[in-house]
Amino acid sequence: MRRKKWIILGVCMLFCMINIAGCAKKESKKITTGSSVDKIVKEKTEKKETQNTKRKETKKQQEENSQESKEQGGQQTPGSDVDYDLTNMNKDMVYATVYQLMVEPDKYIGKTLCIDGLYYTGQNEKTGTYYHYSIIKDALACCSQGLEFVWGDGSHVYPNEYPKDETEIEGTFETYKEPGDDTLYCHLVNLEMQVK
């Protein structure tokens with residue numbers, strides 16, 4: 001009986017030593033969420049640059065063929081000269097990119113974004129200022145995020161000139177602070193909009 005216990009104990013110890021030795025030889029790869037998301041976003045963006053170039057060429061041809069529209073103040077089609085085109089990303093990548101915008105806004109200042117989402121507005125009750133957002137749906141529709149925007153030069157009149165439906169917007173990413181508030185906010189400026 002004692003011999004059987006020693007054999008079982010010996011086999012268990014041998015098994016433990018093999019497991020410990022095997023685990024020690026494995027190299028751990030350190031992957032940071034930010035760098036891997038940035039890498040994937042960069043790859044997707046580079047892939048879409050070709051499509052953006054084609055859009056630019058198409059737009060150029062349309063402008064040449066339609067001088068009348070240009071003279072009447074036709075707007076540029078969203079998607080040209082865009083650094084991050086969220087309209088061509090899948091919902092997971094959109095969520096990851098918007099997350100990165102909120103976590104590391106300094107990396108995106110001055111970058112041009114193109115997004116589509118639902119138009120929403122909110123009003124600051126203290127100041128009476130209206131803030132305009134595009135609500136970006138996520139993959140599970142549980143964690144949607146809004147991105148504030150300023151349409152054109154900010155002269156558009158709310159609610160008369162603003163949409164009530166889904167929009168595609170293109171603008172430059174910036175951060176700002178409200179007077180008397182240390183919170184850092186972000187928004188898209190110099191925005192162009194298309195109602196879908």
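Two residues are said to be in side-chain contact when any heavy atoms from C-beta on lie closer than 4.5 Å; Glu178 and Thr183 fail this criterion. Within the 4.5 Å cutoff, side-chain heavy atoms of Leu188 are placed close to those of Phe173. Side chains of His187 and Tyr131 form no contact here, defined as non-hydrogen atoms less than 4.5 Å apart.
For the atom pair OH (Tyr108) and OG1 (Thr97), the distance works out to 6.5 Å, reported to the nearest 0.5 Å. Considering CD1 of Ile169 and CE of Met193, their distance stands at 6.5 Å, rounded to 0.5 Å. Here CD of Glu148 is found 9.5 Å from OG1 of Thr121. Values are rounded to the nearest 0.5 Å. For the atom pair CD (Glu170) and CG (Asp83), the distance works out to 9.5 Å, reported to the nearest 0.5 Å. With rounding to the nearest 0.5 Å, the separation of OH in Tyr99 from CD in Glu104 is 8.5 Å.
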Inset, instruction - Applying side chain to side chain contact (heavy atoms under 4.5 Å, CB included), run through Asp81 and Thr112 and close with a yes or a no. - result: CA-CA 7 Å; Asp81 297 326; Thr112 304; 5.9 Å; no
Inset, instruction - Could you go through the side chain to side chain contact (heavy atoms under 4.5 Å, CB included) check for Leu147 and Cys186 one step at a time? - result: CA-CA 8 Å; Leu147 190 57; Cys186 59; 4.2 Å; yes
Legend entry - Candidate pair Gln123 and Thr129, rule side chain to side chain contact (heavy atoms under 4.5 Å, CB included), full reasoning: CA-CA 6 Å; Gln123 183 180 25; Thr129 305; over 6 Å; no
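The list of salt bridge (charged side-chain N to carboxylate O under 4.0 Å, His left out) pairs with a residue in residues 113-129, not counting sequence neighbours, reads Asp116-Lys196.
Among all heavy-atom pairs drawn from Thr167 and Ser134, the shortest one is OG1-OG, 4.2 Å. Residues Cys114 and Glu168 approach most closely at SG-OE2, 3.6 Å, considering heavy atoms.
Hydrophobic clustering (side-chain heavy atoms under 4.5 Å, transitive across Ile, Leu, Val, Met, Phe, Trp, Tyr) groups Met102 together with Met93. Hydrophobic clustering (side-chain heavy atoms under 4.5 Å, transitive across Ile, Leu, Val, Met, Phe, Trp, Tyr) keeps Val150 apart from Leu101. Cluster membership for Tyr119 and Leu191, using ILVMFWY side-chain heavy atoms within less than 4.5 angstrom, is shared.
Side chain of Thr87 to backbone of Ile115: no donor-acceptor contact under 3.5 angstrom is found. No side-chain donor-acceptor contact under 3.5 Å links Asn190 to the backbone of Gly171.
Ring orientation note: the planes of Tyr120 and Tyr133 are tilted relative to one another, at an angle of 30° to 60°.
Checked against ring-ring contact (aromatic ring centres under 6.0 Å, His included), Tyr185 has the following partners two or more places apart in sequence or in another chain: Tyr176.
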